[in-house]
Structure formats: structure tokens, C-alpha cells
Amino acid sequence: MEFFETVKNRRSIRSFTCDEILENEIKQLIDAARLAPSAGNVQPWNFIIVKNNETKHKLAKAALDQSFIEEAPVVIVVLADLNRSKLRYGNRGVNLYCIQDTAAATQNILLAAVALGLGACWVGAFQEDMVKIILKIPEDFKPVAIIPIGKPAGKVNMPQKRPIEEIIHYETFVK
Ligand SMILES: Cc1cc2nc3c(=O)[nH]c(=O)nc-3n(C[C@H](O)[C@H](O)[C@H](O)COP(=O)(O)O)c2cc1C
């Protein structure tokens with residue numbers, strides 16, 4: 001799929017068929033994630049692949065009862081390795097870079113999913129402490145995104161997007 005087509009075709013998918021996701025597809029998603037840019041090439045990311053139904057149910061609960069999470073055959077949880085960023089960049093690494101780096105990796109997963117004919121949704125509304133307990137995540141790792149992934153059960157229209165003219169500025173913000 002051509003790049004701009006992939007970008008345009010990406011939608012937040014919250015309804016999935018029962019079709020399984022192949023291990024080879026999961027590997028391609030994580031491969032896309034690990035190729036994302038990161039500050040100083042620190043690559044402060046880890047990914048937990050969840051297929052177990054009970055664990056997915058617990059994750060859905062931790063994510064304010066967003067039940068579509070447990071309907072996906074695979075859920076990828078993206079973690080920021082705070083120490084890895086802190087070692088190189090101190091507070092800016094912890095508070096900004098590791099969040100931006102893992103966001104870039106997350107977006108790569110979403111786009112790779114589209115290219116593979118899959119659908120996914122970036123879920124950010126969840127109780128971090130609960131997710132850490134459920135997935136046995138060590139203290140210095142921060143779960144930043146939960147990504148349910150599967151074959152889309154239907155088509156989703158593009159929601160309203162702000163027009164270019166409203167968001168673009170040339171040279172200075174205020175003329
Ligand atoms: C940081 C972030 C957090 C999000 N959290 C949630 C979430 O908790 N639940 C959800 O259903 N969608 C979530 N979304 C998806 C957005 O709702 C979605 O991207 C937006 O409505 C635009 O739709 P589109 O992705 O189809 O373009 C999140 C997206 C981002 C980038």
C-alpha cells in the first residue's frame with residue numbers, strides 16, 4: 001500500500017472479527033515499532049504481547065471498562081523504559097523524550113497494522129498502576145499505550161479532521 005494511502009486509511013478500529021493474528025504479523029508490527037525515531041537513538045521501548053483472554057479482560061477493566069480491548073485477538077502494551085531515557089537525558093528524558101519516542105513507535109504499529117490489512121486503536125485512558133500489576137511491569141517502566149489489534153469487523157468513516165488552513169502558520173505563529 002502506498003504511504004499516503006496507508007495514512008489516510010488508518011482509523012481507530014474498535015470492533016474486530018474472530019480471526020487470529022499470525023506470529024509473523026506480530027513480528028512485523030514490532031519491527032515497524034523498533035524502527036521509529038528516538039531521542040539520541042536511545043530506543044526506550046518495550047512491548048508486551050497479550051493474547052490470554054483473562055489478561056485481556058483485566059486490561060479492559062483497567063482501561064475504564066473499554067470492552068473492545070478484550071475482543072481483539074492481540075493486544076500490544078507499549079512501555080517506556082524511564083531509566084534508559086534518564087541515563088542519557090535526565091528529567092527531559094523521563095518527562096518528554098521517552099513519551100515522544102514511544103508515541104512514535106505506537107504510531108508505527110498503527111500504520112503497519114493498516115499495511116497488513118489489520119485494524120487497531122491507540123488506547124491511552126487506563127489506570128497505569130493496575131496495568132503494571134496485571135502485566136508484572138517493573139517500577140521503572142511506564143505503560144504508555146494499549147493497542148488492541150485484529151481484523152476490522154467493519155468500515156469506519158474518517159472523523160472530522162481540522163483543515164490545513166486552520167493549523168498551518170508560515171514563519172511566525174502570529175502575523
Ligand atoms: C494519546 C491517545 C489516546 C487515546 N485514547 C483512546 C482511548 O482510551 N480509547 C479510545 O477508544 N480511543 C482512544 N484514542 C483514539 C482517538 O479517539 C482517535 O484517534 C480519534 O478519535 C481520531 O480518530 P482516528 O484515529 O480514526 O483518526 C486515543 C488516541 C490517542 C492518540
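Keep in mind that this is a model prediction, so the values were computed, not measured. First listed ligand is number 1; within each ligand, the first listed atom is number 1.
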Exercise for review: Could you list all the side chain to side chain donor-acceptor pair (under 3.5 Å) pairs where at least one residue sits in residues 160-169, not counting sequence neighbours?
Suggested key: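 Output for this query lists R162-E166.
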Check your understanding: Is the closest basic N to carboxylate O distance between E5 and R10 below 4.0 Å?
Key ->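 No, E5 and R10 are not salt-bridged.
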Review point. Does a salt bridge link K58 with E54, judged by any charged N lying under 4.0 Å from a carboxylate O?
Key: yes
Check your understanding: Does atom CD of E128 have more than 12 heavy-atom neighbours from other groups under 6.0 Å away?
Key -> yes
Exercise for review: Identify, with sequence neighbours excluded, every residue that meets ring pair (Phe, Tyr, Trp, His ring centres under 6.0 Å) alongside Y89.
Suggested key: Y97
Exercise for review: Using side-chain contact (heavy atoms from CB on, under 4.5 Å) as the criterion, list what pairs up with N83, not counting sequence neighbours.
Suggested key: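 So N83 forms a side-chain contact (heavy atoms from CB on, under 4.5 Å) with D81, K86, D140.
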Point to revise | Close residues, ligand 1: non-hydrogen atom nearer than 4.0 Å | key: R10, R11, S12, R14, Q66, F68, C121, W122, V123, G124, A125, P159, K161
